[in-house]
Participant: 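What follows is a single structure, and I will ask about it in a moment.
Below, chains carry the letters A, B, ... as their sequence lines are ordered, and counting in each starts from 1.
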Protein chains: 2
Amino acid sequence: MTKPNARARPSHRVPKPEAGYHHGELQEALIAASEAILAEQGAEGFTLREAARRAGVSPAAPSHHFGNAQGLLTEVAIRGYEALAGALRDAASGRQGAREKLHAQGMAYVEFALKHPGRFQMMFANKRLVADDARLAQASRAAGHEFEIIIAELVGGTAKEAKTAAAAAWSTVHGFAKLALEGKFGPVRSEAEHREIMTTLNRVLNYLWPVGSARRQVQIED
Amino acid sequence: MTKPNARARPSHRVPKPEAGYHHGELQEALIAASEAILAEQGAEGFTLREAARRAGVSPAAPSHHFGNAQGLLTEVAIRGYEALAGALRDAASGRQGAREKLHAQGMAYVEFALKHPGRFQMMFANKRLVADDARLAQASRAAGHEFEIIIAELVGGTAKEAKTAAAAAWSTVHGFAKLALEGKFGPVRSEAEHREIMTTLNRVLNYLWPVGSARRQVQIED
DNA sequence: TCGCAATCTGAACAGTGTCAAGATACGCAT
DNA sequence: ATGCGTATCTTGACACTGTTCAGATTGCGA
């Protein structure tokens, strides 16, 4: 340093008094800090330096564990997908009947997005993640698989039809979630507005995926 | 700069030799430059300084016309929504029958997103735009209105049901477009992959919005 | 023709991600 | 137990970014 520093030790690390020069749990601390930033400021508010600051560590420290900001965010996204998969699983396990399970999953998907907007947006911000990370791809597919399980139960058709139906279901809820987060269905700040959005979703799901009626599809002309 | 620069005049403005100190068409030049960046580098690649550079102007110049980066991007987004509305209108005008029109609009929506990924992503990146800009909101609603026109024709029901159906249609194609852009339905680089995605979309639309059959909905339990 | 307002530049500031060197501390082999 | 290699973290720097402000330049109306 150019000028002598009167303080014996750097001002970092102060909020984490239990740690010495070596943090010990820096990976976890950085991930937790990142998730906190995403929760408070949204995806655009994330900053590697801020995450390091919250973990009580210098800006360069994260690179030794995650390589770069993308690496850290990829880890956060992976956990996000795991949490999402869990939410989808839980939603389905509470109901019986494929249609009801799918409906509950759709509601849970959007609920997840509205409750954790920053995390959700980051999970689908490929350019800010390590796009070809194997674990990320796996976690994403695992979450999608939760849909496919129910879909396979719902449509009695071929695998191709199941794939189509799964893409349709995912598109529906994902599009709704994204549009809701961008305020296209009205603001989502208060709890009342949140509920408003969810009842709109309920109507949409009932409209697109009506109960009863094994849906007989027209032959698909490519 | 710290060391003297030998060049007599700044390197700006050189690529636009027809302009003097006053650019004359700086607004348009900046918008065009921004759209070029979005087309080449995607939404994350946009930079105010780079846009100014391409317009042959200093980094501070855009502020006099757009206030800040959000202002410029808002203008770009407005034009994007206008282009999208036009594409939806064109798609519907080529067909007859509400179902066919809606199907064509859905295809056009995703086609637009895949052909202009950067612009599309930016249109829905509220945090990077002037969120409460009246013209932006108007342009967005105008695009959505293109859907609603056809939907009103398709569902013979109440206004509430039409609103639900419009939200459903928009969610479907928007979700599909977003997921496709994030590579969730496979890569989209080559022209062949692009077509592959579009046939998947075709199946999805046929699945969710089957031809014929005025869809009788179950009563909605809120 | 003069003066004013619009337009643009230059320089600066705070903040960002990343990198290369060096400081520090853990843990393992001896 | 002791030394040493290595993982971990800091320091300082660099090239960027968006934005602001004072000043230079220019077009245009009176």
Participant: Write down the distance between CD (Gln41(B)) and P (dC16(D)), rounded to a whole number of angstrom.
Facilitator: 14 Å
Participant: Ignoring the backbone of Pro59(A), work out which of dT18(C), dC8(C), dG10(C) is nearest its side chain.
Facilitator: dT18(C)
Participant: Quick check on Glu193(B): does its CD atom have over 12 non-hydrogen neighbours (other residues, nucleotides or ligands) under 6.0 Å away?
Facilitator: yes
Participant: Nearest whole Å is fine: how far is dT16(C) C1' from Glu44(A) CD?
Facilitator: 15 Å
Participant: Please name the pair of heavy atoms, one in Leu136(A) and one in Ala77(A), separated by the smallest distance, quoted to 0.1 Å.
Facilitator: CD1-CB, 3.9 Å
Participant: Take the protein atom CG of Leu48(A) and the nucleotide atom C1' of dT18(C), then report the distance between them rounded to whole Å.
Facilitator: 9 Å
Participant: Determine the sole option in Phe185(B), Trp170(B), Tyr109(B) for which the ring-ring contact (aromatic ring centres under 6.0 Å, His included) test with Phe176(B) is passed.
Facilitator: Phe185(B)
Participant: Measure from CD1 on Ile37(B) to C1' on dG18(D) and round the result to the nearest Å.
Facilitator: 14 Å
Participant: Centroid separation under 6.0 Å, is that true for the rings of Tyr81(A) and Phe120(A)?
Facilitator: no
Participant: Whole-Å distance between dT17(D) P and Glu50(B) CD?
Facilitator: 7 Å
Participant: Looking at the side chain of Ala69(B), which of dT17(D), dT10(D), dG18(D) is the nearest nucleotide?
Facilitator: dG18(D)
Participant: Within this structure, what is the CD-to-C1' distance between Gln27(B) and dC8(C), rounded to whole angstrom?
Facilitator: 12 Å
Participant: Between His65(B) and dC8(C), does any side-chain N or O lie under 4.0 Å from OP1 or OP2?
Facilitator: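 Yes, because at least one side-chain N or O of His65(B) sits under 4.0 Å from OP1 or OP2 of dC8(C).
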Participant: Between Arg53(B) (CZ) and dC8(C) (C1'), how many Å, whole number?
Facilitator: 17 Å
Participant: What nucleotide, of dT19(D), dC9(D), dT9(C), holds the atom closest to the side chain of His64(A)?
Facilitator: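 Nearest to the side chain of His64(A) among the choices is dC9(D).
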Participant: Taking CZ in Arg95(B) as the centre, count heavy atoms belonging to other residues, nucleotides or ligands within less than 6.0 Å. Is the count above 12?
Facilitator: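 No, the 6.0 Å shell around CZ holds no more than 12 heavy atoms from other groups.
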Participant: Between Pro62(A) and Arg128(B), name the one whose nearest nucleotide on DNA chain D is closer to the 5' end.
Facilitator: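 Counting from the 5' end, the first nearest nucleotide belongs to Pro62(A).
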Participant: What contact category does Ser63(A) fall into here, base, sugar-phosphate, or nothing, at under 4.0 angstrom with non-hydrogen atoms?
Facilitator: nothing
Participant: Could you check which of dG18(D), dT18(C), dT11(D) has an atom nearest any side-chain atom of Asn68(A)?
Facilitator: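 Ranking dG18(D), dT18(C), dT11(D) by closest atom to the Asn68(A) side chain puts dT18(C) first.
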Participant: Could you tell me the separation between the CZ atom of Phe66(B) and the P atom of dT7(C), rounded to a whole number of Å?
Facilitator: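 Spelled out: CZ on Phe66(B) to P on dT7(C) is 11 Å.
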Participant: So which nucleotide from dA13(D), dT10(D), dC9(D) ends up closest to the side chain of Arg49(A)?
Facilitator: dA13(D)
Participant: The side chain of Thr47(B) lies closest to which of these nucleotides: dG18(D), dG17(C), dT18(C)?
Facilitator: dG18(D)
